[in-house]
Protein chains: 2
Amino acid sequence: MVNLADVARQAHVSKMTVSRVLNHPEKVSVEVKTAVMAAIDLIGYQPNRIAKALVNHQNYVIQFLVLEDIDTVEPNYAILLLQLADVLNQKGYTLEISTIITDNDNIDGIIVSGWRQSDIIALEALSVPVVLYGESPIDHDMAYVDVDNRYGVKLATKHLIQTGYQKIIYIGMSVDLPFSNERELGYLDTMANNRRVSKVYNVDNHSHVAEKLIDNIMTQLSENTGVVCATDRIALGVVRALNKQNGVPEQYGVVGFDGVFIDQISSPQLTTIRQPFAQIAQSLVDHLFLQLEHGELGMQRIVPSLIRRDTTRA
Amino acid sequence: MVNLADVARQAHVSKMTVSRVLNHPEKVSVEVKTAVMAAIDLIGYQPNRIAKALVNHQNYVIQFLVLEDIDTVEPNYAILLLQLADVLNQKGYTLEISTIITDNDNIDGIIVSGWRQSDIIALEALSVPVVLYGESPIDHDMAYVDVDNRYGVKLATKHLIQTGYQKIIYIGMSVDLPFSNERELGYLDTMANNRRVSKVYNVDNHSHVAEKLIDNIMTQLSENTGVVCATDRIALGVVRALNKQNGVPEQYGVVGFDGVFIDQISSPQLTTIRQPFAQIAQSLVDHLFLQLEHGELGMQRIVPSLIRRDTTRA
DNA sequence: TTGTACGCGTTATCAG
DNA sequence: CTGATAACGCGTACAA
């Protein structure tokens, strides 16, 4: 292991100067700086994150707290996780994954996904900065990043209207969380604005449950109906049910929400609202550091986009 | 932050004694031990991983190296990643994710997935222990953990034979890697042992490509055929194609391989070979530490199991 | 069985 | 602008 002292020796300066070249380059003369950089290149010095952490009282570890059942976790969470790790890595941070809330001196901050209302109190009590993935409950002041759920479903609903579906229904998730409420509101708002009569169903987030729902209400479903779905999983089941008489996209239109994986492997491929996970991960990390470095609680809604594919008319 | 010294003060002993209670409890008297433990509980001491790392010249960081395109990474990799993080966490280790091979002083070991033959040389040259996820190429001596691919496909093939399908074909992946070769061999072996005529096709690992293949060869496909598929993605496409005339599982049987996610959301739900990712993750980590602590290169094949669902006869 | 002194690699402080 | 020194929290070697 080559360390600061080695570089210092090579460049004929003190350790402090080397450290400064790395951390406060503006406080050191140009000649010395270039000499030190050359020495660093020459002997292949890599700063030791551990020693740095010790003096700075930091850990360079961010915890990703998954409060949902890890076995049934959606692929989107997994993709978020990969992106997150990548962004953190760029900043020299490392990732710790946990499934339980616990106050831990060995981490610098927490990013939480899959939380429920009942977790919020415990999360607020934590001694390190926390950023929620998913909009914060109204009466709590916590940093969060979320996709703009309402806007996303508005896009979906408008798209169905514009492609000429007459009746438009919504199939949501039976959970009472901000994100699902927002999605429903996106539908209701758009319908109201366009003087359409709205109709909402709710199911658990499984394709087979959604399929069964459509099977059951199929007789009441007039042709030329559009179905806005709260998730791609639901959309998948809906398409299956509707296609038992080969109706998508001509007689029936379907739009999902998530835009990760399921939409691509399905047949026909789903028209969907895509969540930009790279952006979300970046924003999550940015807001964590905003809090870490400046104590500011930020929040951001990331704008999703419509991906037109084969379950709505061209 | 409460540290060793605080505990020592509370327990009226020296720091060293506290350290010993934690690391070499057998070298300290019972009374002192209990007193120290009480003090630790009382003031809520948590050992500082950073300071420990500094003296031990360790990082408590394991790198997970993903050499496949991170955007198209399969959900199974993601699930493996989650499990991995969990196992490491239990050992006080943290995760770093990388997509490029690089010699890095800030990690203690590397777990690699999605590697190709051409990566092996660079991986062997690394200065930290490496464990491959996926069987090592024959002429290289590297630690690896893999699901027993050959055995898995044997299970699949036998199952199709036992449930009475007459002709049995195999659809593999067009990549030349040990795991895909092993899967193909599992099919060929079983067919030979049962004096059956084998027939192998290869496609890219996408459901739509597999669907198209079946569409194309449908006329040559006699009824009562079983299809062994190298992945769930392929199986999904095969089922879709075959079901255009409603043939699964009566006229045609299909078995996939992976057992994560896709098999559950598909309709009908896929009969598949399940990879036990929790076990795989545990084994990957175990073998990494075997190398770290004892310099031993281990290898293990994890036994997968058949999940009977709705694409083969009962 | 228990304690003292020192060092791990880095950075902040303060002096030059 | 640059350098010497101390300190971060812990574990090892050695001493008592």
Side-chain angles (χ1 to χ4, degrees), chain A residues 1-40 43-61 91-94 104-108 292-293, chain B residues 1-40 43-61 91-94 104-108 292-293:
Chain A
M1 154 156 304
V2 22
N3 62 18
L4 262 193
D6 298 324
V7 180
R9 209 168 304 123
Q10 175 72 32
H12 303 289
V13 296
S14 73
K15 291 192 297 179
M16 246 345 278
T17 302
V18 181
S19 173
R20 261 193 289 259
V21 170
L22 264 16
N23 300 306
H24 309 282
E26 74 287 357
K27 307 190 124 190
V28 64
S29 73
V30 183
E31 310 92 54
V32 175
K33 189 160 25 185
T34 54
V36 169
M37 293 305 277
I40 288 178
I43 64 181
Y45 167 73
Q46 295 180 24
N48 183 321
R49 155 213 261 150
I50 295 292
K52 180 190 287 212
L54 186 63
V55 291
N56 290 342
H57 300 280
Q58 297 194 26
N59 296 286
Y60 297 107
V61 176
K91 297 182 88 99
Y93 277 70
T94 255
N104 182 339
D105 287 344
N106 292 312
I107 58 174
D108 300 319
L292 217 61
E293 290 162 9
Chain B
M1 157 155 304
V2 22
N3 61 19
L4 263 193
D6 298 324
V7 179
R9 210 169 303 124
Q10 176 71 32
H12 304 289
V13 297
S14 73
K15 293 192 298 177
M16 246 346 279
T17 303
V18 181
S19 172
R20 261 194 288 261
V21 171
L22 264 16
N23 300 306
H24 309 282
E26 74 286 357
K27 307 191 126 190
V28 65
S29 72
V30 183
E31 310 93 53
V32 176
K33 188 159 27 185
T34 54
V36 169
M37 293 305 276
I40 288 177
I43 64 180
Y45 167 74
Q46 296 181 23
N48 183 321
R49 157 213 260 148
I50 296 292
K52 179 189 288 212
L54 187 62
V55 297
N56 290 343
H57 300 281
Q58 297 194 25
N59 297 287
Y60 297 108
V61 176
K91 296 183 90 100
Y93 278 70
T94 254
N104 181 339
D105 286 345
N106 291 310
I107 58 174
D108 300 319
L292 250 152
E293 290 161 9

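Here is how names work: the chains are called A, B, and so on, in the same order as the sequence lines, proteins then strands, and each is numbered from 1.
Atom P of nucleotide C:dG3 and atom CG of B:L4 are separated by 13 Å, given to the nearest angstrom. For the pair A:K15 NZ and D:dG3 P, the computed distance is 13 Å after rounding to whole Å. Atoms NE2 (A:H12) and P (D:dC1) sit 22 Å apart, rounded to a whole Å. Atom-to-atom, CG of B:L54 to C1' of C:dC6 comes out at 13 Å; the value is rounded to the nearest Å. Rounded to a whole Å, the NZ atom of A:K52 is 9 Å from the P atom of C:dA12. The CG atom of A:L22 sits 13 Å away from the C1' atom of C:dG9 (whole-angstrom rounding). Atom CE in A:M16 sits roughly 15 Å away from atom P in D:dA6 (whole-Å rounding). As a whole-Å value, the separation of B:D6 CG from D:dC10 C1' is 13 Å.
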Inset, instruction - Might you work through the side chain to side chain contact (heavy atoms under 4.5 Å, CB included) test for A:L22 and A:S19, ending with a clear yes or no? - result: CA-CA 5 Å; A:L22 264 16; A:S19 173; 5.9 Å; no
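At the phosphate of D:dC1, neither OP1 nor OP2 sits under 4.0 Å from any side-chain N or O atom of A:S29. Contact annotation: B:Y45 side-chain N/O to D:dC10 OP1/OP2 distance is under 4.0 Å. For the pair B:H24 and D:dT12, the criterion of a side-chain N or O lying under 4.0 Å from OP1 or OP2 is met. Dashed line: the shortest gap from a side-chain N or O of A:N23 to OP1 or OP2 of C:dT11 is under 4.0 Å. For A:S19 and C:dT11, the shortest distance from a side-chain N or O to OP1 or OP2 is below 4.0 Å. Contact check, A:S14 against D:dT2: no side-chain N or O comes under 4.0 Å of OP1 or OP2.
Residues A:T17 and A:V28 have side chains in contact (heavy-atom distance under 4.5 Å, counting atoms from C-beta outward).
Residue-level contact check: A:V28 touches the backbone only, with heavy atoms under 4.0 Å from sugar-phosphate atoms and none from bases.
Both B:E26 and A:V55 lie near DNA chain C, and the one whose nearest nucleotide falls closer to the 5' end is B:E26. Taking for each of B:A51 and B:R20 the nucleotide of DNA chain D with the nearest heavy atom, the 5'-most of the two is the partner of B:A51.
Between the side chain of B:R20 and the backbone N or O of B:K27 there is no donor-acceptor pair closer than 3.5 Å.
Between the NZ atom in A:K52 and the OH atom in A:Y60 there is a gap of 5.0 Å [rounded to 0.5 Å].
Among all heavy-atom pairs drawn from A:P25 and A:K33, the shortest one is O-NZ, 3.1 Å.
Each of C:dG3, D:dC10, C:dT10 was ranked by its minimum atom distance to the side chain of A:N3; first place goes to C:dT10.
At a cut-off of 3.5 angstrom, the base of C:dG9 holds no donor-acceptor pair with the side chain of A:R49.
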